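Remember, it's a predicted structure, so these values are computed and weren't measured experimentally. For the numbers below, each heavy atom of this structure counts, side chains included, while hydrogens, waters and symmetry mates do not.
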Amino acid sequence: MLQPKKQKYRKQQKGRSRRRLVETRGITLSYGKFGLQALEAAWLTANQIEAGRKTIAHSMHREGRLWIRIFPDKPVTKLPPEVTLGGGKGEIDRYVFPVKPGRILYEVDGVKEAVAKRALLMAGHKMPVKNLQNSAMKMP
């Protein structure tokens, strides 16, 4: 499971909900010819990212190359069940990556277009983001 080895601060604040903002970084294909792009905002957990990676690797029959363009580095805390209010912030429960619209999640190269699109489609079913787009690099 993906998680940071070391952080400056153990716990972070939740942050403001910026649903209308679109991503400015990581919006173009950099490594592969095909990619999976999120069209809405969500928090992707480390387990969901790993499930998508396994699905893509299995669908491509371990051919080609896969790049994961996101890394879960935001800690999410949670108090144990049946604990009264007070007593501070809970312990770290999981790590997430906050996705904004337009972000490329995975990139694939070295396989046929039909295989890549099928693999990315299957990985999209593992994501909490409903609106996903298969993007292909435009050849000059």
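- Taking 4.5 Å as the limit, some side-chain heavy atom of Asn47 sits within range of a side-chain heavy atom of Met1.
- In the hydrophobic clustering of this structure, Ile70 does not group with Trp43; members are Ile, Leu, Val, Met, Phe, Trp, Tyr whose side-chain heavy atoms approach within less than 4.5 Å, directly or through other members.
- Gln3 places none of its side-chain heavy atoms less than 4.5 Å from the side chain of Pro72.
- Residues Ile92 and Pro75 come closest through the heavy atom pair CD1-CB, 3.9 Å.
- More than 12 heavy atoms of other residues, nucleotides or ligands lie within 6.0 Å of NZ in Lys11, so this atom counts as buried by the packing criterion.
- By the 4.5 Å heavy-atom criterion applied to side chains, Tyr95 and Thr45 are not counted as neighbours.
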Any chance you could lay out the side-chain contact (heavy atoms from CB on, under 4.5 Å) test for Lys78 and Glu91, step after step, and finish with the verdict?
-> CA-CA 6 Å; Lys78 188 175 181 182; Glu91 290 303 313; over 6 Å; no
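- Under a hydrophobic clustering in which Ile, Leu, Val, Met, Phe, Trp and Tyr are joined whenever their side-chain heavy atoms come within less than 4.5 Å, directly or via other members, Met127 and Phe97 fall into the same cluster.
- The distance from atom CZ of Arg10 to atom NZ of Lys89, rounded to the nearest 0.5 Å, is 10.5 Å.
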Yes or no on side-chain contact (heavy atoms from CB on, under 4.5 Å) for Asp93 and Thr77, after CA distance, side-chain angles and deciding distance?
-> CA-CA 5 Å; Asp93 182 47; Thr77 60; over 6 Å; no
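- Annotation: side chain of Arg53 is in contact with side chain of Ile68 (closest heavy-atom distance under 4.5 Å).
- The nearest pair of heavy atoms linking Lys74 to Pro98 is CD-CG, 4.0 Å.
- Nearest approach of Glu23 to Gly102, heavy atoms of both residues: CB-C, 4.4 Å.
- Connection of Val76 to Val99 is not established within any shared hydrophobic cluster, with ILVMFWY side chains joined at heavy-atom distances below 4.5 Å, either directly or through further cluster members.
- With hydrogens and angles ignored, the 3.5 Å screen pairs a side-chain donor or acceptor of Tyr106 with a backbone N or O of Ile49.
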Under the side-chain contact (heavy atoms from CB on, under 4.5 Å) rule, what do Trp67 and Val108 come out as? Steps first, then yes or no, please.
-> CA-CA 6 Å; Trp67 290 271; Val108 173; over 6 Å; no
For the pair Lys112 and Glu63, evaluate salt bridge (charged side-chain N to carboxylate O under 4.0 Å, His left out) and give the outcome as yes or no after the intermediate values.
-> CA-CA 10 Å; Lys112 295 179 183 176; Glu63 294 176 0; over 6 Å; no
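- A heavy-atom distance below 4.5 Å is not found between the side chains of Val96 and Leu44.
- The closest side-chain heavy-atom distance from Glu107 to Ser30 is below 4.5 Å.
- With values rounded to the nearest 0.5 angstrom, Thr55 atom OG1 is found 11.5 Å from Met60 atom CE.
- Looking at heavy atoms from C-beta onward, Phe71 lies in side-chain contact with Leu2 at the 4.5 angstrom threshold.
- Using a 4.0 Å cut-off between charged side-chain N and carboxylate O, Glu40 and Arg103 make no salt bridge.
- The two residues Tyr31 and Asp109 come nearest to each other via the heavy atoms O-OD2, 4.1 Å.
- Grouped by direct or indirect side-chain proximity (heavy atoms under 4.5 Å, Ile/Leu/Val/Met/Phe/Trp/Tyr only), Val83 sits alone.
- Nearest heavy atom pair, residue Asp73 against residue Pro4, reads CA-CG, 4.1 Å.
- Transitive grouping of hydrophobic side chains (ILVMFWY, heavy atoms separated by less than 4.5 Å) brings Val115 and Leu36 into a common cluster.
- The two residues Ala116 and Val111 come nearest to each other via the heavy atoms CB-CG2, 3.8 Å.
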Taking it one step at a time, do Ile104 and Leu29 satisfy side-chain contact (heavy atoms from CB on, under 4.5 Å)?
-> CA-CA 7 Å; Ile104 300 285; Leu29 294 173; 4.1 Å; yes
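- Atom OG of residue Ser59 and atom CZ of residue Arg118 lie 7.0 Å apart, to the nearest 0.5 angstrom.
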